[in-house]
Amino acid sequence: MIITIDGPAAAGKGTLAAALAEKYKLSYFDTGMTYRAVGLEMILSGKDLHDAAAATEFARNLTFPKMMELSQHQEFRSEQGGKAATAVATMPAVRDYLTRMMRDFGKNPVFADGTPAKGVIYDGRDTGTVVCPQADIKFYLKAAPEIRAERRLKDFAAKGIDISFEEVLEHVKKRDESDYQRKGTWPADDALIFDTSDLSIDEVIAKASKIIDEKQKNS
Ligand code: C5P
């Protein structure tokens, strides 16, 4: 089974994807990690973030072990890391290589320990439209920018990162602007759209689970 969860930054995709992967014993691919990995390599090597040739080389050579290694870096999930990811995500050649990596994973999905999985949950921006249009179930999560900024702020506070609400909101809006200019970032025609602004994570998991259970019953 292949499930895709798309939507803007901090809409709750990661939390939902991790919970569903655990519940249904599926592998989980956080596709934003690939863009963050390439963005971080650009930062660490001191490249200009607009250097498409350099970013393309990093994308072409990206492997899972490399991505996991980079994910340990403190800037991987920082606002600066997010900005770099969004910058390289505008480059078509980078997207081509990373999309290929995501699709290849879906052909033989495995868990983190290398054991085979019977399916995968992708989370990202274009996983139901571009990466895996043939997915069995597509979810699209959305929430007001202010609510998403509030959630991000809580994540930062938990990590001890000092940043203001206004600053986080501005970053959220800037990344939305850049992400929405791209083809494939809007919900797939057959996606189920959840507005998570007024829903708790447990309510979102319950709604999504009901749909997965029904699909499994009928297949
Ligand atoms: O989801 P996350 O915030 O980690 O993603 C980082 C950035 O990577 C996003 O802002 C977006 O620009 C890009 N991205 C993308 N396509 C995906 C996943 C992420 O363009 N499938």
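For the single chain, residues carry numbers from 1 onward in sequence order. For ligands, and for the atoms within them, numbers begin at 1 and follow the listed sequence. Below, each value reflects all heavy atoms present in this structure, side chains not excepted, and no hydrogens, waters or symmetry copies.
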List every atom of ligand 1 that sits less than 4.0 Å from any heavy atom of [X], numbering the atoms from 1 in the order shown and giving each element.
| X | result |
| --- | --- |
| R95 | 15 (C), 16 (N), 20 (O) |
| R36 | 2 (P), 3 (O), 4 (O), 6 (C) |
| G124 | 18 (C), 21 (N) |
| D179 | 9 (C), 10 (O), 11 (C), 12 (O) |

Could you tell me whether T86 approaches ligand 1 through its side chain, its backbone, both or neither, with non-hydrogen atoms closer than 4.0 Å?
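Looking at T86 and ligand 1, atoms from backbone and side chain both fall under 4.0 Å.
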Once you restrict to heavy atoms under 4.0 Å, what part of R125 touches ligand 1? Side chain, backbone, both or neither.
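The answer is both, backbone and side chain.
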Single-linkage hydrophobic cluster V130~M102, side-chain heavy atoms < 4.5 angstrom
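Different hydrophobic clusters.
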Hydrophobic clustering (ILVMFWY, side-chain heavy atoms < 4.5 Å, transitive) - are L40 and M42 grouped together?
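The answer is yes; both residues are in one hydrophobic cluster.
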Among protein heavy atoms, which sits nearest to [atom], and what does the distance come to when rounded to 0.1 Å?
| atom | value |
| --- | --- |
| atom 18 (C) of ligand 1 | T31 OG1, 3.5 Å |
| atom 14 (N) of ligand 1 | Y35 CD1, 3.5 Å |
| atom 3 (O) of ligand 1 | R175 NH2, 2.5 Å |

Residues [X], [Y]: salt bridge by 4.0 Å N-O rule:
| X | Y | result |
| --- | --- | --- |
| K174 | E177 | no |
| D6 | R182 | no |
| K107 | D104 | yes |
| D176 | R148 | yes |

Option nearest atom 19 (C) of ligand 1 (shortest heavy-atom distance, choices A89, G14, G32, G7)
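Result: the heavy atom closest to atom 19 (C) of ligand 1 is in G32.
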Taking distance alone, with N or O pairs closer than 3.5 Å, would you say D126 contacts ligand 1?
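For ligand 1, there is an N or O atom that lies under 3.5 Å from one belonging to D126.
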May I ask whether R182 places a heavy atom under 4.0 Å from ligand 1?
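Distance cut 4.0 Å: R182 passes for ligand 1.
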Shortest non-hydrogen separation from I2 to D136 and the atoms involved:
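Smallest interatomic distance, heavy atoms only, reads N-OD2, 2.6 Å.
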Step by step, would you call Y97 with N61 a side-chain hydrogen bond (donor to acceptor under 3.5 Å, both in side chains)?
CA-CA 9 Å; Y97 281 119; N61 293 311; over 6 Å; no
